[in-house]
Asker: 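Just dropping this structure here.
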Amino acid sequence: MTNRLICGVSALALLAAPAFAQTCTEFNEAPMLAERVAAGELPPVAERVPSEPLVVDVAEQIGVYGGEMVDTTLGNRLAEFRHYGYEPPVRWSVDGGEVVPNVFKGWDVNDDATEYTFYLRAGMKWSDGEDFTADDILFWWEHVETNTDIQSAPRGFFTVDGENATVTKVDDYTVSFAWSKPNGLFLENLATSYGVRVVQFAEHYHSQFIKALNEDGVAQMMADANSDDYQQWWRANVGSYGQQSEYADPNRPFVQAWVPAGEESFLGKERFSFHRNPYYFKVDAACNQLPYIDTRTWVLVQDQEVQLAKTLSGEIDISRVNISTPANRGVMFQNMEAGDYRFVAANSADMNVADLRFPFYYPSDEQKAEIYRNKDFRIGLSHAIDREELIDVIFLGQGQPHQIAPRPDSPLYDETLATQYTAYDVDLANAHLDKVLPEKDAEGFRLRPDNGERFTVVVDVNNEFKSDWGDMMELIEGYWEAVGIDTVLNVVSDAVSVARRSDPDRDVFLWLAENGSGRLPLLAPGELMPRTGPWEEFYTSGGSAGVEPPAAVLRAYELQDAIGGLFGAAQLEAWNEYVAIVTEEFPKIGIALPAGNYRAVRNRLKNVPEPLLEGWLYPGIAPANFSTFYIEE
């Protein structure tokens with residue numbers, strides 16, 4: 001028996017869109033494509049869309065064709081393109097509440113979630129006009145995802161308890177994924193941005209880059225690139241999700257609404273454009289092939305003040321998340337009329353505005369590591385933070401005190417985990433810190449027990465990623481020094497911050513706590529307790545390497561890995577046990593629940609849904625259906 005009840009969607013609702021699409025006997029297309037059809041450069045639109053195209057609901061009204069949408073890019077990594085490239089096999093609904101069809105038109109799941117059968121769209125094409133079929137899925141699995149010449153192992157959600165999926169072509173438009181044990185979160189994982197990898201590799205094009213299929217050809221391409229490392233060459237020239245080369249080949253076939261234009265890579269360019277995909281597989285309810293907008297253009301802006309200025313002047317169609325902060329709301333409001341834009345609410349799917357992660361191992365300074373591992377030290381620092389004042393000053397009153405925990409609107413919300421140690425209490429903070437660092441110097445700063453020097457906490461602050469983090473950490477620096485903890489803020493670039501993330505000799509790492517809405521916490525349990533250093537080595541090696549962690553931490557690691565392979569009540573039971581351990585261990589400090597987020601959207605840009613939803617595994621605002629946005633000149 002199979003089950004079509006996915007996230008509360010019945011089989012009837014799931015198949016409603018394809019059934020409606022079949023009522024289209026004719027399709028409309030963009031004038032620029034009609035001209036190419038008339039010139040004999042393209043087949044008619046009815047031959048370019050699948051027999052069952054995906055019908056997409058619009059937020060406001062049926063749009064008009066044409067125009068150029070302008071965005072900004074920081075120029076570092078292509079996760080920024082979650083404003084663009086979100087086209088996975090299945091996807092999140094606009095509100096993030098359910099998984100809905102996308103490239104795959106539907107699916108069946110057996111009763112114990114050990115087998116998923118997916119149905120592709122007959123007649124769907126790659127952007128170069130070649131058929132998109134189950135053979136492309138098999139090619140990706142056999143020659144990319146499981147190819148150890150390219151990467152060490154498939155992404156985690158394709159394995160269950162160490163067992164890779166068995167991927168089978170049932171027919172040209174049907175493919176199945178199966179395991180001997182349940183994979184209870186497979187659909188949700190496919191709906192994340194990481195699911196895009198499944199539909200990124202066209203067999204007819206990418207076969208040339210596979211060493212086992214084209215040994216001489218690959219050897220010549222590597223020689224031409226002066227490379228002798230196949231994996232490095234692949235990452236630099238072909239790439240998968242999140243790598244710089246992902247969209248850098250203008251000849252590469254895609255399924256996205258806009259594709260690279262011209263004959264050169266966009267890398268290094270200050271301004272570049274992608275043009276509409278003439279074979280895009282989506283239409284609106286009036287049988288108009290999407291997208292409405294002709295061209296997507298990105299402007300390289302690495303300075304946040306310049307990025308803000310371009311938004312204020314109306315040069316950018318939709319502001320980026322890093323400048324759409326409460327601190328900038330005032331200046332954006334003042335320039336709203338001059339810049340000809342409006343505010344659109346953008347609710348956050350994140351657990352916290354900040355995630356202060358402590359190193360439990362510090363190879364060059366074992367004394368420092370011992371102090372960071374002490375729970376009383378972390379509790380003391382947490383009680384020392386005046387979150388109410390911080391929220392008022394930095395986030396303009398938007399938010400509430402909150403630790404790293406699922407959001408209150410999530411069915412996985414746990415009040416104890418979310419609120420413990422959030423009270424501002426200097427006496428209580430000092431009481432906990434006195435248990436760890438009781439000695440102080442003449443200025444009241446706490447001293448190391450090994451050499452009598454000040455114990456100093458260094459925090460890397462990535463102001464490029466979040467422009468308000470610098471001001472936030474200056475307040476926290478004051479709070480911590482008031483209870484005797486010498487604090488140094490090390491302002492670093494986004495590139496340096498990312499590079500130092502895995503540095504073993506790094507103090508406090510500041511990041512976001514993401515994936516807090518709905519069932520997203522189940523997809524990323526590591527948000528609550530990260531796994532790094534010798535404890536992680538011990539766990540992953542089965543005890544043959546690293547350092548044995550405390551029994552509770554070891555059990556937490558086991559539960560992290562088990563949750564995705566469980567189903568129903570067993571999954572919830574494992575989650576609750578895991579939350580109990582995290583609550584007791586208190587490994588990280590949070591500040592506040594994100595609230596009051598927004599985007600500045602030019603008034604000419606229509607069909608932008610409100611509210612938008614921001615997140616990571618719910619990728620940015622990408623599920624908002626960019627292909628339905630249109631420009632009203």
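One-based numbering along the sequence shown.
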Asker: Is the Phe272 ring parallel, tilted or perpendicular to the Trp298 ring (thresholds 30°, 60°)?
Answerer: parallel
Asker: side-chain hydrogen bond (donor to acceptor under 3.5 Å, both in side chains): which pairs involve residues 597-607, sequence neighbours left out?
Answerer: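 Matches after skipping sequence neighbours: His83-Arg599, Asp317-Arg604, Asp340-Asn603, Arg599-Glu614, Arg604-Glu633.
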Asker: Parallel, tilted or perpendicular for Phe177 and Phe118, by the 30°/60° rule?
Answerer: perpendicular
Asker: Should the pair Phe509 and Trp511 be assigned to parallel (<30°), tilted (30 to 60°) or perpendicular (>60°) ring geometry?
Answerer: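 Ring orientation, 0 to 90° scale: parallel.
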Asker: Should Lys310 and Asp303 be marked as a salt bridge (Lys or Arg N to Asp or Glu O under 4.0 Å) after you check the CA-CA gap, both sets of side-chain angles, and the distance that decides it?
Answerer: CA-CA 11 Å; Lys310 286 183 175 293; Asp303 184 289; over 6 Å; no
Asker: Quick one: are Leu510 and Asp460 in side-chain contact, heavy atoms under 4.5 Å?
Answerer: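 They are not in side-chain contact.
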Asker: What pairs with Arg155 under side chain to side chain donor-acceptor pair (under 3.5 Å), at least two apart in sequence or on another chain?
Answerer: none
Asker: Please check: side-chain N/O of Tyr86 versus main-chain N/O of Arg91, any donor-acceptor pairing under 3.5 Å?
Answerer: no
Asker: With side-chain hydrogen bond (donor to acceptor under 3.5 Å, both in side chains) as the rule and sequence neighbours excluded, what pairs involving residues 386-406 come up?
Answerer: Ser382-Arg387, Ser382-Gln403, Glu389-Tyr479
Asker: In terms of relative ring orientation, are Phe333 and Phe343 parallel, tilted or perpendicular, with 30° and 60° separating the classes?
Answerer: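 The arrangement is tilted - the two ring planes meet at 30° to 60°.
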Asker: Measuring from Arg197:CZ to Thr192:OG1, what's the distance to the nearest 0.5 Å?
Answerer: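 Output value for this atom pair is 9.0 Å.
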Asker: Taking the basic N atoms (NZ, or NE/NH1/NH2) and the acidic carboxylate oxygens, is any pair closer than 4.0 Å for Glu87 and Lys282?
Answerer: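 Looking at Glu87 and Lys282, the cut-off is met.
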